Amino acid sequence: MDTILLLLVTGIGLGAVYFLVASGLSLIYGLMGVLNFAHGAFLTLGALIGWETARVMGADSWGGFALSLLVGCLVGALLAALTEFVLIRPLYERHIEQVLVTVGLNLAAIALFEGIWGTDPVFIQGPTWMGMTTNILGAQVPNHLFITILIAGLVLAGMVLFLKRTRYGMIIRAGVENRSMVTALGIDVRRAFTLVFTIGGAAAGIGGVLASHYFGYVSPLLGGSLLIFAFIVTVIGGLGSLAGAAVASVLVGVLQQFANYFWSIGDFVVVILLAVVLLTRPSGLMGRKVATA
Amino acid sequence: MSASTEELEDQHGGRGGREGSSATDRLKASLTPPPTPGPSGPGRSPTRRRLIGGVAAVAGVVALALLPLLNVQLPGILPTATYQPGALQLMALCLLMGAAALTYHLLIGVAGLLSFGHALYVGAGAYVLGILLERTGMGLIPAMLLTLLVVVILANVTGAVALRVSGIPFAMVTLAFAQAGSVLVRRNPDGATGGEEGLSLNTEQVPAFLVGVSNTRNLYWLSLAVLIIVFAIVSWIQNSRAGHLAEAVRENENRVRVLGLKPYLAKLLIFVVGGTLAGCVGMVHLLLQSGAVPRTVSADFTITLLVMVVLGGVGSRWGAVVGGVLYTLLDQRLTVLAQSEAIQSMPALLRVPLSEPLFLLGTLFVLVVLFMPGGLAGFVRRLSARSGSGRPGKDPVTVLEQAE
């Protein structure tokens, strides 16, 4: 029982990290039709600069942790906004080129990070409380998982509020639904593009800092492996659907933990899940149809 | 129905009116290589052009085949003179990567299939052959034939599943299959794949003329042969009815379906041929490198192939080959350059970016995508169109754009 509970919570924690990466990917794809390969670079830079900040401020202080989250978020947002402005915008409406540019950026950025920080993982620490465990019904649950889940929940709530309650959120939702109609109504969707990239980058930056606490290290290669799973989560959830991304992240995270623990085949199970979902529901769990998804 | 609107848009909108069509169609439309230009001048007929091209190709192949017998020094490009193993190894790798890029061209350039799992078949070719040679004591030729069979089956099964969806979901399924393969290789089941360290070639069953540093030139000739065979098969497939059908599917799948043809089978054929040829390249790669490493199955390797094809120009056969050769050469030489005295003594601000080959290649790639649409092949085409006819507008794309 306690093992199952522990696996469940670690699974949800992993799902929370996936969600922070996948939410941005999903929104960007939904609105712009761009599969953003550079998302891993946003995440990695957020994690690396976040860790540098925490180290300067004192890694075991809460202030350092909070500031590293804030800095990670800002760095991710800034890099994402810059990417959209400099690389994506000139290729407006040329989707394959946009994807290729993000592929190139990812290659170049990760290589640059390796040049600066080296390829070896750097083991990190957070506030002392986060390194301890809490006893829940006999399961020793690491405390950092609660923080990760809490923050991902807050990000989800913030995104939902933003999308439902603000004017720009409305434009983004309408754009995901039918972009040509929004353009026809005289609304400049391009501003929404930058916004969506910025939000996605911010979430990825936070995700990077939290992922480094989840795995216990930072490395320039942190983003690469997470990105593949985030892609899978995004497709399973339905491209363009925030709720789908949230459900699929938790589903994939929990499934992966269980399959890894009992049969150590977590990664295969995720691949099989993807194949099954795509063959039965090609638009993903919560995508509407392939055309808008 | 979205089909009818897409049809309409396709008829009226051309390049400008893609706004409302589905994401998949937009993807496909942008994948389309620009149409090949007509004869570029009044003096040169198509047959004569073809003849010149054929003669140039034969001359190129003969020159490449003679290189191991000559003493050509290319300082800065090749590490040693062309008859020495160091240069031969690098050149053979370049030719093989050219062949690998060519097999990827078959998917993306001909059928418009954006696959992120092509590395799976290269890796399968290398690893299955390696394991067969290690474990069964089979001769090289039977082991290669058996590997070929395995790769064909693998490509058929994965292709049949992945092609049930198209566009980005297709890319993701192929990525997921390759990821599963990559995980399997890294897991090292039963010690078969050697995990992260990779699998080293068991040379017991390999004929002596393909083993050892002194026989590198035989491996070079083998690589050249592979490139020529792959080029011939890709050209043949591309010019066959199935190839034309696949190209038609890339342009407009619904229209092909309305004509009563089967897009699925055409795409599957292209996918399987591409995968099988990639498996053959993988087998020779195993022989050349005397081993297989997990990188050949990774998503990174597929992305490398994509970068090669795009650098050379999507839709161009020789563009893919040149892209593959150029990328491999740059990757190797930039790594050497990074360790050179000149770079190491620079201030950190310059030294760090310059000593990362992938940073330079990634940047180059971004610049090509931004400023050189059509890659190298597109650049050459524009150049020859300008010098050949003396006036722009011969290129059908330009004509179309001017009409709008």
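Everything quoted here is computed from the prediction, not taken from an experiment. Letters A, B, ... are given to chains in the order of the sequence lines, protein chains preceding strands, and every chain is numbered from 1.
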CZ (A/Phe258) with more than 12 external heavy atoms under 6.0 Å
yes
Give, as side chain, backbone, both or neither, the part of A/Val235 having an atom under 4.5 angstrom from any heavy atom of chain B.
side chain
Part of A/Leu100 lying under 4.5 Å from any heavy atom of chain B:
both
Considering only heavy atoms and a distance below 4.5 Å, find which of A/Ile110, A/Ile228, A/Thr102, A/Ile232 pairs most often with chain B.
A/Ile228
I need the B/Phe359 CZ to A/Ile116 CD1 distance, nearest 0.5 Å.
9.0 Å
CD-CG distance between B/Glu356 and A/Leu107, expressed to the nearest 0.5 angstrom
12.0 Å
Of all heavy-atom pairs linking A/Leu35 and B/Met172, the shortest is CD2-CE, 3.4 Å
For A/Arg173, does the CZ atom sit with more than 12 other heavy atoms under 6.0 Å from it, leaving out its own atoms?
yes
Could you check whether atom CZ of A/Phe85 has more than 12 heavy atoms from other residues, nucleotides or ligands sitting under 6.0 Å from it?
no
Decide yes or no for A/Phe231 and B/Gln179: does some side-chain heavy atom of the first lie under 4.5 Å from some side-chain heavy atom of the second?
no
Of the non-hydrogen atoms in B/Val366 and A/Leu87, which two are nearest, and what is the gap between them?
CG1-CD2, 3.7 Å
Answer yes if the ring centres of B/Phe116 and A/Phe37 are under 6.0 angstrom apart, and no otherwise.
yes
Looking only at heavy atoms, what is the nearest atom pair of B/Val369 and A/Glu97, with distance?
CG1-O, 3.6 Å
Mark yes when over 12 heavy atoms from residues, nucleotides or ligands other than B/Tyr264 sit less than 6.0 Å from its OH; otherwise mark no.
yes
Neighbour count above 12 (heavy atom, 6.0 Å) for A/Arg191 CZ
no
With a 4.5 angstrom heavy-atom cut-off, which part of B/Ala180 approaches chain A: side chain, backbone, both or neither?
both
For chain A, which residues from residues 154-162 of chain B lie under 4.5 Å away (heavy-atom distances)?
B/Val161
